Amino acid sequence: MARYEANTAEPKWRAVWDDRGCFKAENNPAKPKYYVLEMFPYPSGRIHMGHVRNYAMGDVVARVKRAQGYDVLHPMGWDAFGMPAENAAMERKTHPGTWTYANIDAMRAQLKLMGLSLDWDREFATCDPEYYAQQQAMFIDFLDAGLLTRKNATVNWDPVDMTVLANEQVIDGKGWRSGAVVEKRDLTQWFFRITDVAEQLLSAIDTLDGWPDKVRTMQRNWIGKSRGLQMRFDIAENTIIPDYKELEVYTTRPDTLFGMGFAAISPDHPLAISLDDRVDGLAAFRAECKAIGTSEEALEKAEKKGFDTGLQVRHPFTDELFPVYIANFILMDYGTGAIFGCAAHDQRDLDFARKYGLKVLPVVAPGGDEAFSVGTEAYTGPGRIINSDFLDGMEIEAAKEFVADKIAATGKGEKKTNYRLRDWGISRQRYWGCPIPVVHCDACGVVPEKKENLPVKLPEDVSFDKPGNPLERHETWKTTPCPSCGKSATRETDTMDTFVDSSWYFARFTAPRHATPTDRSVVDRWLPVDQYIGGIEHAILHLLYSRFFARAMAKTGHLSDASVEPFKALFTQGMVTHETYSRMDQGREVYFTPEEVERIGEGDYILKSDGEPVKTGAIIKMSKSKRNTVDPEAIIAGYGADCARWFMLSDSPPDRDVEWTEAGVEGAARHIQRVWRITEEALPRIPPAGTAMPAMDDAAAALRKVTHKAIKAATADIEAFRFNKAVARLYELTNAAAGFKGKGDGADWALREALETLAKLMAPMTPHLAEECWQALGHDTILAEVSWPVVEHALTIDDLVTMPIQVNGKRRAEIRVAADADKASVESITLAEPEIIKCLDGATPKKIIVVPGRIINVVV
RNA sequence: GCGGGCGUAGUCCAACGGUAGAGACAGAGGACUUAAAAUCCUUCCAGUGUGGGUUCGAAUCCCACCGCCCGCACCA
C-alpha cells in the first residue's frame with residue numbers, strides 16, 4: 001500500500017491544470033459570472049500564514065463556483081508601491097523596483113505551490129508602468145470632473161527623513177523610522193473630494209447586505225454624520241477686535257442653548273491666532289497645546305485646559321454675556337472649531353466648567369423635574385426642557401427644531417449636517433509611488449499632463465543615499481515642457497498614496513492590458529466583485545476608498561452606475577495565531593521560534609540548543625517580533641499544500657482567529673493519508689466508474705444517505721462560509737466510508753459513490769489529493785473540470801425519526817415514529833408510552849406540544 | 001468613554017428556541033508488531049461565565065454583572 005506522496009502528486013496536478021488552462025476566466029456570456037477576489041498582497045518577499053488562510057478560503061469559493069457551472073474570475077496581483085521598497089533601497093543600495101520585482105517573483109513561486117485556481121494571465125503589479133499609466137489617466141479625468149482639489153493641509157512632517165508621515169507612522173509624537181520629533185507643517189496637497197459623496201457613501205451602506213455588520217458599523221462611524229445648528233454669537237462690543245464681530249459655532253444640541261456657560265475655540269482657530277499678540281500668555285498656551293497634541297498618551301489623559309481670551313459673547317435670547325476660552329479639547333477641523341459650552345449636558349464641558357468655575361445650569365431634566373441638578377456627571381439622557389424660557393416643557397427633539405428655526409429666522413445661523421470624514425489627501429513626498437501627472441508652469445499654473453504623454457514614468461537613475469524625495473532633486477526628470485504653453489516648467493514631484501493603487505485594481509483585473517483604464521464591454525459584466533475576502537484591518541480605509549473610487553470611475557465613464565458598490569459581498573477572515581516561547585535574559589524577554597523549541601510534555605517546551613526549559617506564552621497573531629511565525633513554504637515542503645489548506649479551514653470559524661499548532665497540522669496530514677488509503681483499499685472491490693446503480697440492501701442504502709446528506713450539508717456550509725463545519729461533514733463522510741461494513745447488494749456501488757463524492761467535496765479544499773483520488777477511481781477526466789455533485793433530496797430525508805418526550809420540559813423517554821406522522825397519532829403514541837404513563841401517574845396532561853420531527857413536551 | 005464581538009468537555013469548536021455533541025486535537029485502554037511508527041477498535045471528561053426574567057421548553061431571546069478580545073476615541 002503506497003502512501004500518498006504530496007511532494008510528487010502536487011506538482012503533477014498543478015502542471016496538468018496549467019496545461020489545460022483550467023482556471024482561465026472564459027468571459028462566456030452563456031454562463032453566469034462569478035468574480036471572487038482576495039485582497040492582493042504587498043510583495044514583502046515571503047508569503048505568511050495569513051495569506052495561506054486568505055487564499056485557501058478564496059480558492060474554496062472559486063473552485064466550488066466553477067464546479068457549479070459559473071464562469072469564474074479569480075485573479076491575483078501585487079500591491080507593489082510603498083515605503084518598504086524605499087527603505088530596502090536605502091539599506092541595500094538597490095533600486096526599489098529591483099527589490100519589489102524580485103520579491104514578486106519569490107512570492108509568486110510560493111503562491112503557486114499552494115495550487116490556487118488563479119487566472120495568472122491577468123497578473124499585474126501596481127508599480128507596472130502599464131498599470132499606473134491608467135491610474136494617471138484617471139487622475140486627469142477626475143481632475144476634469146471636479147473630483148480633485150488642491151489645498152493646504154497640516155501634515156505630520158519628519159524633519160530627518162524629510163517626508164510626510166501618515167498618522168499611523170507617528171508613534172508617541174516621533175517618526176517611526178527616524179525617531180525624530182514630528183512637526184506639523186502646512187503643505188499644499190492633492191485631495192480626492194470624498195466628502196462630496198459622504199452622504200451617498202453613508203446611505204448606500206444600508207444596501208451592502210453581503211457585508212459583515214461590524215464593517216458596516218465601522219464605516220458609518222467613520223463617516224460620522226451629525227445634524228446640528230451652525231450659529232453665530234455676537235461678540236460683546238467692548239471686547240471686539242478687528243475682523244471678529246461674531247463667533248460661529250457648531251452644535252448638535254441647540255436645545256441646550258439656555259444652559260450655555262461659556263464659549264470655547266480651538267487653539268488653532270484663526271481668532272486664537274490673531275489674539276496671539278494681544279493677550280499675554282496666550283501664545284505660550286497655544287504652543288503648549290500643540291506640544292501635547294500629537295502624543296497618544298497625552299490625549300488619553302485628556303486633562304481639560306483652557307485660557308480666557310477676555311472676549312465675551314452675547315446670548316441671542318437672554319443677552320447674557322459669556323466668556324470665550326481657548327480650550328485644548330476643541331478640534332479645529334471639525335465643525336467651525338468653536339463651540340458653546342453647555343456644562344450640564346456634556347461631560348467635557350462639565351469638566352471644563354468645574355475646573356474654571358463656570359456656570360452649570362441644567363436645562364434638560366428627566367420628566368421635566370425643575371429641581372434636577374448635575375454633580376460631576378453630565379446628563380445626556382432623555383427628558384424635558386427646564387430653565388429655558390419659551391422652550392420649557394418641550395421634548396429634546398422638538399426643542400432642537402424650535403431653536404434652530406428661531407435662530408435661522410434671525411439670520412444668525414442655519415441647520416447644518418457635518419461629517420467626521422475628511423477629504424482624502426493623497427500627496428506623498430516619496431519616490432516609490434504613482435507620479436501625480438501634473439506640471440507646474442509659471443505662466444499657466446497647475447496643468448495636467450497630456451494623456452498622450454502618459455505614463456509619467458518614474459526615472460530609473462535615482463539614489464537613496466540622501467533623505468527626502470529623490471524626484472525632487474532629479475532636475476532632468478523634473479524639468480518638462482508645459483503641456484499648455486510649451487515653455488519649460490516643473491513636474492509635480494509628489495506621488496500618490498498607495499491606497500489609490502488598491503482602490504481600483506479589482507476593476508483592472510477584468511481587462512488588465514486594455515489601453516484605457518477599463519474595457520466597458522467586459523468590466524460591466526464582471527463587476528461587482530461577488531465575493532471579496534480579506535482582513536478586517538482594511539474595514540475602513542481601503543474599502544471606503546474603493547467605494548469612492550467606483551463612484552468617481554462611474555462619473556468619468558470608466559464604470560457603469562451599476563458598479564458604484566464594487567464589492568457585493570465581503571468576508572473578513574480572522575488572524576492566524578501561534579503560541580509564543582520566551583525566556584528572560586538579563587531582564588529582557590527573548591523570544592524563540594517554534595523550530596527552536598521542542599515539546600517534552602503537556603505544555604512543556606525546552607530550547608533545543610541547550611535543553612533548558614522555555615516559558616510558553618500568549619497565543620497571539622504571528623509576528624516577526626514575537627518570533628511565533630511558521631513559514632508556509634516549509635510546511636508545504638513537509639506536509640504538502642493540501643495539508644496546510646485543510647488545516648487552515650478546519651476547527652475555527654473562518655472569521656475568528658485560528659491557532660496554528662503542530663498537532664493540528666499532523667491531524668490534517670493524517671486525514672489526507674486516510675482519504676487516500678480508504679480510496680485505494682476500495683479499488684479492488686468497487687465496480688468500474690460509470691456502472692449503473694444496482695439494487696440496494698439496507699446497509700448500502702444507509703451509506704448512500706450519509707453520502708447525500710454530506711453533499712447537502714457541505715455545500716450549504718461552504719456557501720455560508722462555515723468552512724470549519726464543511727470540514728466536519730467531510731470527516732463524517734470519511735468515517736462512514738472507512739467504517740462501511742456492507743457486503744450485500746449495491747454495497748460496492750454505494751462505496752464508489754461515497755468515495756467519488758468525497759473526492760469531489762474535498763476538491764475545493766485539498767485539490768491535489770482530490771485529483772489523485774479521482775484518477776485512482778478510474779476516471780480520465782480532470783476533477784477541476786467536473787461538476788459539483790448533485791444531491792438526491794429523497795436520500796436526505798429520514799423515514800423514521802427518534803423523538804424525545806419531555807414531561808414539563810424534562811426528557812423522560814423517546815419514541816421512533818414516521819417522520820411525517822400527524823400530531824394526533826404522535827400524541828396517542830406518546831400517551832401510550834409506559835415511561836410516560838408512569839410519569840403522569842394518573843394525571844391528565846394540560847397540554848401536549850408536538851414539534852414535528854423534533855420533540856414532544858407533555859405539560860401537566 | 002462610545003460601538004461591536006466572544007465566554008459550551010483538558011483544547012479548538014458544533015448544536016432552525018426543541019435529546020448539549022457533528023467534527024478535530026489531546027488523554028486512557030486494547031488489537032496488530034520482536035519492538036516502534038503507522039493503522040484499527042474501544043473509551044473517559046462538561047450541562048453551557050454569574051444572577052435574574054420571558055417560555056411548555058433557553059447555550060440560543062431579554063436585563064444586569066464578571067472576564068477576554070477588537071474597532072473608534074476630546075467629532076461639540
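So that the names make sense, note that chain A is the first sequence line, chain B the second, and so on, each numbered from 1. All values derive from a computational prediction rather than experimental measurement.
- Within 4.0 Å of A:Leu730, counting heavy atoms only, lies no atom of the nucleic acid at all.
- Of the listed nucleotides (B:C40, B:U19, B:G7), B:C40 has the atom at the smallest distance from the side chain of A:Arg674.
- Under the 30°/60° scheme for interplanar angles, the aromatic rings of A:Tyr250 and A:Tyr334 are found to stand perpendicular.
- Checking B:G71, B:A76, B:C75 against every side-chain atom of A:Arg348, the shortest atom distance belongs to B:C75.
- When the C1' atom of B:G71 is taken as reference, atom CZ of A:Arg420 falls 11 Å away, rounded to whole Å.
- Remark: A:Arg722 CZ to A:Asp655 CG distance equals 11.5 Å, nearest 0.5 Å.
- Annotation: B:A46 and B:G3 have their P atoms spaced 39 Å apart (nearest Å).
- Annotation: B:C32 and B:A37 have their C1' atoms spaced 12 Å apart (nearest Å).
- A gap of 16 Å separates the P atoms of B:A9 and B:G51, to the nearest Å.
- Distance noted for atom P between B:U43 and B:G21: 15 Å (whole Å).
- Nucleotides B:A76 and B:C69 place their P atoms 29 Å apart, quoted to the nearest Å.
- What separates CG of A:Asp268 from P of B:C74 is a distance of 14 Å, to the nearest Å.
- Straight-line distance from the CG atom of A:Asp651 to the P atom of B:A9: 15 Å, rounded to whole Å.
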After noting the C-alpha distance and the side-chain angles of A:Phe322 and A:Phe340, does the key distance pass the ring pair (Phe, Tyr, Trp, His ring centres under 6.0 Å) rule? CA-CA 9 Å; A:Phe322 292 100; A:Phe340 82 77; 9.1 Å; no

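- Taking atom P on both B:G5 and B:A58, the two are 24 Å apart, rounded to the nearest angstrom.
- Across all strands shown, A:Tyr731 has heavy atoms under 4.0 Å from sugar-phosphate atoms exclusively, and none from any base.
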Just the atom pairs and distances: protein N or O near nucleotides 56-61 of chain B's N or O, under 3.5 Å.
residue: B:C56; atom: O2'; partner: A:Asn857; partner atom: ND2; Å: 3.3
residue: B:C56; atom: O2; partner: A:Asn857; partner atom: ND2; Å: 2.3

Return one dot-bracket line describing RNA chain B 5' to 3' (Watson-Crick or G-U wobble pairs, both distances under 3.5 Å; ( ) same strand, [ ] crossing, | another strand, . none). (((((((..((((....[..).))).(((((.......))))).....(((((..]....))))))))))))....

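- As judged by a 4.0 angstrom heavy-atom cut-off over every strand, A:Ser226 is placed among residues touching the sugar-phosphate backbone only.
- Within 4.0 Å of A:Gly664, counting heavy atoms only, lies no atom of the nucleic acid at all.
- A:Phe571 meets the ring pair (Phe, Tyr, Trp, His ring centres under 6.0 Å) test with A:Phe721; sequence neighbours excluded.
- Checked by distance alone, A:Asn221 brings no side-chain donor or acceptor within 3.5 Å of a matching partner on the base of B:G71.
- In this model, a side-chain donor or acceptor of A:Lys304 finds a partner on the base of B:C74 within 3.5 Å.
- Ring pair A:His578/A:Tyr581 is perpendicular by interplanar angle, where above 60° counts as perpendicular and below 30° as parallel.
- Once rounded to the nearest 0.5 Å, the distance linking CG of A:Asn628 with OG1 of A:Thr580 reads 6.5 Å.
- Rounding to the nearest 0.5 Å places CD of A:Gln230 at 5.5 Å from OG1 of A:Thr336.
- With rounding to whole Å, A:Glu537 atom CD is found 16 Å from B:C72 atom C1'.
- The distance from atom CG of A:Asn735 to atom P of B:G21 is 18 Å, rounded to the nearest whole Å.
- When heavy atoms are screened at a 4.0 angstrom cut-off, A:Thr252 is found touching the sugar-phosphate backbone but no base atom.
- Taking atom CD on A:Gln219 and atom C1' on B:G4, their separation rounds to 15 Å, with Å as the unit.
- Using a 4.0 Å cut-off between charged side-chain N and carboxylate O, A:Asp351 and A:Arg348 make no salt bridge.
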